Amino acid sequence: MTKMTKRFVVMQLAIILALFQAATVFAGNPDTGPGCGLGKLAWGDFKGQKQIAPQVMMATTNGTFGSQTFGISFGTSGCTSDGVIMRTELVNAFASATLENLQHEMAQGHGEHLTSLATLMGIPTEHQAEFFTLTQEKYASLMQSGETTPVAMLKALHEVVESHPVLAQQVSMNR
């Protein structure tokens, strides 16, 4: 085995070990892989995102082509050039982590998680009361079944907000 091949195998094993340890430690984390880049785009639809195989494939693809660094530098491949997670991904991650709290607060029409969601969605403070009222009024349609997923809830929420005359303008202005 050449030195280059040996280094490559050792590097791959180190990546696999690191990802396995991270997956074990962060099992409750809604993260679905190694950020952005060509690997995330190529393997992002693979089922079982938290499993080791798709994460290794994403990381290996990103590492092989240097696409994650390029994407972060130039704002391509699902990355942003300022190092901030894109708003959509941030909203998705927040909703996944706090869905149960959001459900309760939407039903009540207020709460700190609901305020955070409004802020993440780009709704200015002066229009958040309208947002809270809207989520309370449309709660049944936002939670279409007892087992609503964060993605389904956000999709329904975006549709409701887009149909509101004032909030639709605010959200589109802040994108």
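Basis for what follows: all heavy atoms, side chains included, without hydrogens, waters or symmetry-related copies. Remember, predicted model here, so these are calculated numbers, not experimental data.
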N/O donor to acceptor pairs below 3.5 angstrom from side-chain atoms of residues 120-129, sequence neighbours left out:
unit_1	atom_1	unit_2	atom_2	d
H127	ND1	E130	OE2	2.8
Q128	NE2	T119	OG1	3.2
Q128	NE2	I123	O	3.0

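- Legend: salt bridge (Lys or Arg N to Asp or Glu O under 4.0 Å) pairs involving residues 152-161, not counting sequence neighbours, sorted by first then second residue: K155-E159.
- Between the NZ atom in K138 and the OG1 atom in T133 there is a gap of 12.5 Å [rounded to 0.5 Å].
- In this structure, L117 and M106 have side chains that are in contact, with non-hydrogen atoms separated by less than 4.5 Å.
- A donor-acceptor pair under 3.5 Å is absent between the side-chain atoms of E162 and the main chain of A168, judged by distance alone.
- In this structure, E137 CD and L142 CG are separated by 11.0 Å, a value rounded to the nearest 0.5 Å.
- Across all their heavy atoms, F132 and G109 have their closest contact at CB-O, 3.0 Å.
- Distance check, rounded to the nearest 0.5 Å: CD of E105 to OG1 of T115 gives 7.0 Å.
- Partners of A107 under the side-chain contact (heavy atoms from CB on, under 4.5 Å) rule, at least two apart in sequence or in another chain, are Y139.
- Side-chain atoms of T98 do not come within 3.5 Å of backbone N or O of N101 as any donor-acceptor pair.
- In this structure, H164 has no side chain to side chain donor-acceptor pair (under 3.5 Å) partners at least two apart in sequence or on a different chain.
- Rounding to the nearest 0.5 Å gives a distance of 5.0 Å between CE of M153 and CE of M143.
- In this structure, L157 and T135 approach most closely via the heavy-atom pair CD1-CG2, 3.8 Å.
- Closest heavy-atom contact between A95 and L154: CB-CD1, 3.6 Å.
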